[in-house]
Amino acid sequence: MKIAVIGAGIIGVTTAWELARDSHEVTVFERRIATAEEGSFANAGLIAPGYLGPWAAPGMPFKILRHLLAQHAPVRFSLPLSGSDLAWMWKCWRACSAETHLRNRQRLQGLAIYSRARLHELAAELEFEFDHSKGLLVLLRSERDQAQLRPGLQLLREQGIAHRELKPEEARAVEPALNPDTIFHGALHLPDDEAGNCRQFALLLKNAALARGVQFAFSSTVERLTPGAGMAVQLAGEAQPRRFDAAVLCAGVDSARLLAPLGLQLPLAAVYGYSVSATVREPLNAPRSAVMDERYKVAITRLGQRVRVAGGAELGGRPERQRKAAIQTLYKVLQDWFPGAAVLSSGVQTWKGARPMLPDGPPLLGASGIPGLWLNLGHGSGGWALSCGSARAVADLVAGRQPETDLGGFGLERLQR
Ligand SMILES: Cc1cc2nc3c(=O)[nH]c(=O)nc-3n(C[C@H](O)[C@H](O)[C@H](O)COP(=O)(O)OP(=O)(O)OC[C@H]3O[C@@H](n4cnc5c(N)ncnc54)[C@H](O)[C@@H]3O)c2cc1C
């Protein structure tokens, strides 16, 4: 088939690759001048099935309220919030029950395990070399942090995800550079979770896809999708739409805008976050792999010769307006755990990006209900971790095959209830 992929973030590039693997003729439309320029640009890099879960969780509304006015609040709101932001928050709140959270967490973890295996296959087959490290240490500053993590441990056991609760001295053996002056309560070690450079992987896979015949049309904004005898893709500045047999929508936070005229109203929010990336100053003072500060929800990852600190959740506001306070929180967390790890006086890259997030957590994968239009979107805080598996599963559906991973709960139906 002749297939259009809309968006060249990590989801669009992996999708294009898997469709090309199935011998489709693929064209990727991307409004930016290159791959992974938006939400996939400088994320934390976690490929962590053991940590991944929906943000809608029991106790989450209370945690947000408790820290709302704190200097280093993990969640912030840019006021005034729009009506759709408020509706999204209401749906998110409704998905916070223990039962719904657990079900969605199970789904996400299952897909993430499958996805990590697919990522490993691709990286081995294509001989990719990209910045990558193994192991995730979740740092628990207090007993309360530990108590909040405990209900998820049963699920880790059920999913067969290796994990170990550690005392502070054991955690220091895993990450010897942890600041000796920072007192903490304990840690959870997930030895099979990983971190990797998402953008670097996306660029490598884009080149591999090009070599396989995929066409990339950059600086090409899709204005409209029109079904009928396949899918017509209207680009900005072109008089006539381009015709395809099918299209897969991977446009991140802007997917909802393209779906609305087709009668599909998606509760997809842009939940902004930040990262700072800096060169390692002294490897002995830097993390070996990835750590997550559970209180502030900030990740510190080692990506080759760089350290990246990422976190923060901001609802409302604009992508170009950076909040100083959110960036200061990243520096504080780095200073707390790994002072002296990175060169912060020059060459620091600061980034603000959006997580395309549905209120209950899991992404939308599969048929849109509109003939010829497929969805691979709404991966929230786990787009990198879920990308290779989501792409393979969607390509299987397009080919009329049963995906190897269970896609129950990743369809549109759950949002229409
Ligand atoms: C601070 C932060 C930390 C994160 N950490 C992690 C992590 O550790 N692990 C993890 O798995 N995930 C993480 N994420 C989430 C992850 O980055 C996202 O889920 C993922 O990048 C989403 O990928 P995407 O391809 O759907 O979206 P994007 O990368 O945003 O790609 C969508 C693309 O579509 C293009 N587009 C949109 N509309 C159009 C149009 N009309 N025409 C043409 N092109 C269009 C855009 O230009 C864009 O390039 C983090 C996110 C943030 C913000």
| query | Any side-chain heavy atom of Leu386 sitting closer than 4.5 Å to one from Leu108? | reply | yes
| Sidechain-backbone polar pair: Ser275 side chain, Ala42 backbone, donor-acceptor under 3.5 Å | yes
| request: Might you work through the side chain to side chain donor-acceptor pair (under 3.5 Å) test for Glu294 and Tyr51, ending with a clear yes or no? | output: CA-CA 10 Å; Glu294 185 59 11; Tyr51 187 75; 2.6 Å; yes
| said: With a 4.5 Å cut-off on side-chain heavy atoms, are Pro356 and Asp254 touching? | reply: no
| Atom of Pro371, atom of Pro227 and distance for their closest heavy-atom approach | O-CB, 4.0 Å
| query | Between Glu320 and Arg318, does at least one N-O distance fall below 4.0 Å, as a salt bridge requires? | reply | yes
| request: Answer yes or no: is there an ion pair linking Lys134 with Asp192, defined by an N-O contact shorter than 4.0 Å? | output: yes
| task | Answer yes or no: is there a side-chain heavy-atom contact under 4.5 Å between Lys332 and Asp336? | result | yes
| Any donor-acceptor pair under 3.5 Å from Arg302 side chain to Pro287 backbone | yes
| Roughly how far apart are Leu377 CG and Ile11 CD1, rounded to 0.5 Å? | 9.0 Å
| message | In the structure I gave you, are the side-chain heavy atoms of Val233 and Phe29 within less than 4.5 Å of one another anywhere? | response | yes
| NZ/NE/NH1/NH2 to OD/OE distance under 4.0 Å, Glu165 and Arg150 | yes
| query | Do the side chains of Leu397 and Leu365 get nearer than 4.5 Å, heavy atoms only? | reply | no
| task | For the pair His101 (side chain) and Ala56 (backbone), establish whether a donor and an acceptor sit closer than 3.5 Å, ignoring hydrogens and angles. | result | yes
| Considering residues, nucleotides and ligands other than Gln154, do more than 12 of their heavy atoms fall under 6.0 Å from its CD? | yes
| Under 3.5 Å, is there a donor-acceptor pair between the side chain of Thr100 and the main chain of Ala95? | no
| Between Ala171 and Leu137, what is the shortest heavy-atom contact and its length? | O-CD2, 3.8 Å
| Salt bridge present between Arg21 and Glu125 (N-O < 4.0 angstrom) | yes
| query | Hey, does Trp88 have a side-chain heavy atom less than 4.5 Å from the side chain of Leu315? | reply | yes
| remark: Exactly one candidate in Arg321, Arg76, Lys352 meets salt bridge (charged side-chain N to carboxylate O under 4.0 Å, His left out) with Glu314; the answer is Lys352
| said: Is it true that, when you exclude Glu169 itself, more than 12 heavy atoms of the residues, nucleotides or ligands shown sit nearer than 6.0 Å to its CD? | reply: yes
| request: Apply side-chain contact (heavy atoms from CB on, under 4.5 Å) to the pair Thr14 and Arg118, showing each step before the final yes or no. | output: CA-CA 11 Å; Thr14 49; Arg118 184 70 192 136; over 6 Å; no
| request: Compare every heavy atom of Met292 with every heavy atom of Ala299, then report the nearest pair and how far apart it is. | output: CB-CE, 3.8 Å
| Donor-acceptor under 3.5 Å (Gln200 side chain, Asp131 main chain) | yes
| request: Measure from the side-chain N and O atoms of Arg141 to the backbone N and O of Asp293, and report whether any donor-acceptor pair falls under 3.5 Å. | output: no
| request: State, yes or no, whether a side-chain contact exists between Leu268 and Leu364 at a heavy-atom distance under 4.5 Å. | output: no
| message | To check you understand the geometry: which heavy-atom pair defines the closest contact between Ala57 and Pro54, and what is its length? | response | CB-O, 4.3 Å
| task | Look at the aromatic rings of His132 and His120 and report parallel, tilted or perpendicular, splitting at 30° and 60°. | result | perpendicular
| said: Around atom CD of Glu25, are there more than 12 heavy atoms from other residues, nucleotides or ligands closer than 6.0 Å? | reply: no
| request: Take His379 and Ser387 through the side-chain contact (heavy atoms from CB on, under 4.5 Å) test and state the conclusion after the steps. | output: CA-CA 8 Å; His379 294 74; Ser387 57; over 6 Å; no
| Pairwise distance CG(Leu373) to CE(Met231) - rounded to 0.5 angstrom | 4.5 Å
| said: Check this for me: Glu129, atom CD, are more than 12 non-hydrogen atoms of other residues, nucleotides or ligands nearer than 6.0 Å? | reply: no
| said: Using side-chain heavy atoms (C-beta onward) and a distance below 4.5 Å, is Leu136 in contact with Thr301? | reply: no
| message | Would the distance check show the side chain of Asp245 and the main-chain N or O of Lys2 forming a donor-acceptor pair, the cut-off being under 3.5 Å? | response | yes
| request: Starting from the C-alpha separation in whole Å, work towards a yes-or-no answer on side chain to side chain donor-acceptor pair (under 3.5 Å) for Gln234 and Glu238. | output: CA-CA 7 Å; Gln234 180 65 56; Glu238 289 194 355; 5.7 Å; no
| task | Go through the steps for Thr27 and Val214 under the test side-chain contact (heavy atoms from CB on, under 4.5 Å), then give the verdict. | result | CA-CA 6 Å; Thr27 305; Val214 173; over 6 Å; no
| Are a donor atom and an acceptor atom from the side chains of Ser78 and Arg323 found within less than 3.5 Å of each other? | yes
| query | Under 30°, 30 to 60°, or over 60°: which ring-plane class applies to Phe201 and Phe128, parallel, tilted or perpendicular? | reply | perpendicular
| Quick check: does any side chain N or O of Ser368 sit under 3.5 Å from a backbone N or O of Ile370, one acting as donor and the other as acceptor? | yes
| field | Chi angles and distances behind the side-chain contact (heavy atoms from CB on, under 4.5 Å) call for Met1, Val398 | value | CA-CA 10 Å; Met1 280 198 289; Val398 171; 3.5 Å; yes
| task | Return yes if some donor-acceptor pair links the side-chain N/O of Arg355 with the main-chain N/O of Tyr272 below 3.5 Å, else return no. | result | yes
| message | salt bridge (Lys or Arg N to Asp or Glu O under 4.0 Å) for Asp360 and Lys91? Distances and angles first, verdict last. | response | CA-CA 7 Å; Asp360 57 352; Lys91 290 192 171 101; over 6 Å; no
| query | What pair of heavy atoms forms the shortest contact from Gln335 to Asn179, and how long is it? | reply | O-ND2, 3.8 Å
| Taking Thr35 for the side chain and Ala202 for the main chain, is one N or O donor matched with an acceptor at less than 3.5 Å? | no
| query | What's the spacing between Glu194 CD and Ser289 OG if we round to 0.5 Å? | reply | 8.5 Å
| message | Between Arg107 and Asp406, does the salt bridge (Lys or Arg N to Asp or Glu O under 4.0 Å) criterion hold? Intermediate values first, please. | response | CA-CA 8 Å; Arg107 288 172 177 152; Asp406 179 9; over 6 Å; no
| field | Exercise: identify the closest heavy-atom pair between Pro49 and Asp193 | value | CD-OD1, 3.2 Å
| query | If you measure from CG on Leu126 to CG on Asn207, what distance do you get to the nearest 0.5 Å? | reply | 11.0 Å
